[in-house]
Amino acid sequence: MENVTKLFNQATIQKVVAARGIDTTKLPTKEELDHQTIDRANAGVIANRKRYYYRMSVWSGGVPLRFSFNDCRLINSLIKPKLENLVIRHLS
């Protein structure tokens with residue numbers, strides 16, 4: 001740990017800043033860096049959740065599932081008369 005403190009003492013930091021021509025007034029504050037870190041971490045968590053739910057819901061048995069609302073309308077048009085007959089029988 002002693003070697004690390006020698007590398008990052010104030011004099012060494014000032015030399016690097018001067019050599020690279022870094023404007024220290026434009027550097028982000030610790031709070032800004034913390035906020036950026038939290039935002040990146042949250043974005044990573046959200047991306048992982050999206051990937052997880054995509055994999056779990058769209059793929060079944062290694063085959064992508066396909067769905068369109070036209071299929072739903074077709075099913076409803078086939079089932080609706082049968083349901084009406086069932087309801088009429090049940091109510092009679």
Side-chain angles (χ1 to χ4, degrees):
M1 189 67 179
E2 199 171 302
N3 293 335
V4 173
T5 56
K6 288 180 183 177
L7 290 175
F8 292 107
N9 62 26
Q10 194 64 26
T12 307
I13 293 172
Q14 290 300 326
K15 286 179 188 176
V16 171
V17 167
R20 302 264 175 130
I22 298 171
D23 184 9
T24 56
T25 60
K26 293 183 180 179
L27 294 175
T29 64
K30 182 183 180 322
E31 290 79 21
E32 290 171 339
L33 289 173
D34 290 343
H35 186 65
Q36 290 173 1
T37 302
I38 290 169
D39 288 346
R40 286 187 189 125
N42 286 336
V45 168
I46 290 170
N48 285 340
R49 284 184 184 165
K50 285 181 182 179
R51 260 182 269 153
Y52 171 78
Y53 286 111
Y54 177 79
R55 287 183 190 141
M56 293 297 124
S57 64
V58 178
W59 298 91
S60 173
V63 178
L65 301 176
R66 303 277 186 231
F67 173 80
S68 73
F69 285 102
N70 290 332
D71 297 337
C72 185
R73 289 185 193 115
L74 176 65
I75 291 170
N76 284 339
S77 66
L78 295 173
I79 294 175
K80 191 174 180 180
K82 293 178 182 179
L83 287 176
E84 288 174 352
N85 288 338
L86 182 64
V87 169
I88 291 172
R89 286 186 206 161
H90 182 70
L91 292 177
S92 299

#### Entry: Pairs touching residues 31-51 that satisfy salt bridge (Lys or Arg N to Asp or Glu O under 4.0 Å), sequence neighbours left out
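Salt bridge (Lys or Arg N to Asp or Glu O under 4.0 Å) check on residues 31-51 returns Lys30-Asp34.
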What's the separation between atom CD1 in Ile13 and atom OG1 in Thr24, rounded to the nearest 0.5 Å?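 OG1 of Thr24 is found 11.5 Å from CD1 of Ile13.
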Counting only N and O atoms by type, is there a donor-acceptor contact under 3.5 Å from the side chain of Thr37 to the main-chain atoms of Leu33?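 Between the backbone of Leu33 and the side chain of Thr37 there is a qualifying donor-acceptor contact (under 3.5 Å).
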**Message:** Hydrophobic cluster membership, with links at side-chain heavy-atom distances under 4.5 Å among I/L/V/M/F/W/Y: are Ile46 and Tyr53 in one?
**Reply:**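 No, Ile46 does not connect to Tyr53 through the hydrophobic network.
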